[in-house]
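Read the structure below first, then the notes.
Just follow the structure's listing: the first ligand is 1, and inside any ligand the first atom is 1. All values below were derived from every heavy atom in this structure, side-chain atoms included, with hydrogens, water molecules and symmetry-related copies excluded. Positions are given from 1 along the sequence.
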Amino acid sequence: MEMALVPGIELLRHAHENGYAIGSFNINNMEIVQAIVAAAEAERSPVMLQSSQGAIQYAGAPYLAAMVKAAAEEATVPIALHLDHGTDFEVAVRCLRHGWTSLMYDGSKYPLEENIARTRKVVEMAHAVGVSVEGELGKIGGVEEQVVVSEREALFTDPTEAETFVRETGVDYLAVAIGTAHGLYKGRPDLDFPRLAEIHRRVGIPIVLHGGSGVPEDQVREAIRLGVAKINIDTELRQAFLEALRRELDARPNELDPRKVLGPGRAAMTERVREKMRLFGSSGRA
Ligand code: G3H
Ligand code: ZN
């Protein structure tokens, strides 16, 4: 059966109600799109492909959209296309125009009232065309493309503020800061589960965990049990891809065919995504 891109909330609602999480994996080029979709097919897993604003700058919104739509046309599992850490209203508009089915508006650097006002504007626009929206409250440490937050600046999400934020913006899912960070962890992350439970109790909507790379498996499972229904993974996929690429480049210093080095990168990334889908419990759900 041929599939069109589905609204993000359709995937997340089913995951949220059934105690598993959707992996949202960052895309930048064709090999990455293919790697992730191949994993979803092999695992019979619904999947979200997400592009940062940096990815859109790098590849162009029309290219990314065309690749993901081409993948979805051939796929037999549901796929959503999501804007990751959108900070620019214009980019959000462009994504809607090119067929994204889920948008994140990241207004976490603003004071609560301004974050609410800016996020609500994106929600009103996206909901008008059936596209769901993720908001962010609290600051997630580390670097994700243009969003830089120092460790000291990282601020955990306040459950009372979360309740106000969700009620006043109408977001469909909420990204929270509970101890994860973007990029590589220096020590072992230690997630604040009581805080997560309290936020989830108050907002009732699917919770999004950013900085999913390197979070220990037991903590991932506990986060899902407490309401996380979308987990973002970027760094670990980059690592898998580049490790294989480096190995191949070293092994074939005279290689003249890019496919010979990119292909193994793609295959290594597929394996990493499959592991995540099994961990998140999304395998076999499509
Ligand atoms: O928004 C993207 C993610 O939060 C990725 O985080 O690179 O630590 O996996 P990560
Ligand atoms: Zn993130």
When you measure from [atom] to every protein heavy atom, which one gives the shortest distance, and what is it?
{"atom": "atom 4 (O) of ligand 1", "result": "Gly211 N, 2.8 Å"}
{"atom": "atom 3 (C) of ligand 1", "result": "Asn232 CB, 3.3 Å"}
{"atom": "atom 9 (O) of ligand 1", "result": "Ser213 OG, 2.6 Å"}

Answer yes or no: is there an ion pair linking [X] with [Y], defined by an N-O contact shorter than 4.0 Å?
{"X": "Arg94", "Y": "Glu90", "value": "no"}
{"X": "Glu217", "Y": "Arg221", "value": "yes"}
{"X": "Arg278", "Y": "Glu43", "value": "yes"}

Looking only at side chains, do [X] and [Y] share a donor and an acceptor under 3.5 Å apart?
{"X": "Ser102", "Y": "Tyr173", "answer": "yes"}
{"X": "Thr87", "Y": "Gln53", "answer": "yes"}
{"X": "Asp172", "Y": "His127", "answer": "yes"}

Heavy-atom check, side chain of Thr180 versus side chain of Tyr185, under 4.5 Å: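 A side-chain contact under 4.5 Å exists here.
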Short list, please: which atoms of ligand 1 are under 4.0 Å from a heavy atom of [X]?
{"X": "Asp84", "value": "1 (O), 2 (C)"}
{"X": "Ile233", "value": "9 (O)"}
{"X": "Thr235", "value": "7 (O), 8 (O), 9 (O), 10 (P)"}
{"X": "Ala181", "value": "8 (O)"}
{"X": "His210", "value": "1 (O), 4 (O)"}

Contact check, [X] vs ligand 1, heavy-atom distance below 4.0 Å:
{"X": "His85", "value": "yes"}
{"X": "Leu209", "value": "no"}
{"X": "Gln50", "value": "yes"}
{"X": "Gly214", "value": "no"}

Would you say ligand 1 has an N or O under 3.5 Å from any N or O of [X]?
{"X": "Asn26", "value": "no"}
{"X": "Asp234", "value": "yes"}
{"X": "Gly183", "value": "yes"}

How are the rings of His85 and His210 set relative to one another: parallel (under 30°), tilted (30 to 60°) or perpendicular (over 60°)?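 His85 vs His210 ring planes: perpendicular.
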For the CZ atom on Phe193, are there more than 12 heavy atoms of other groups (residues, nucleotides or ligands in this structure) within a distance under 6.0 Å?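 Buried by this count: over 12 neighbours within 6.0 Å.
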Specify which N/O/S atom of His210 comes nearest to the Zn ion (ligand 2), by atom name.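 The Zn ion (ligand 2) is closest to the His210 atom ND1, counting only N, O or S.
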Does NZ or CZ of Lys121 lie under 6.0 Å from the centre of the six-membered ring of Phe89, at an angle within 45° of the ring axis?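 That pair qualifies as a cation-pi contact.
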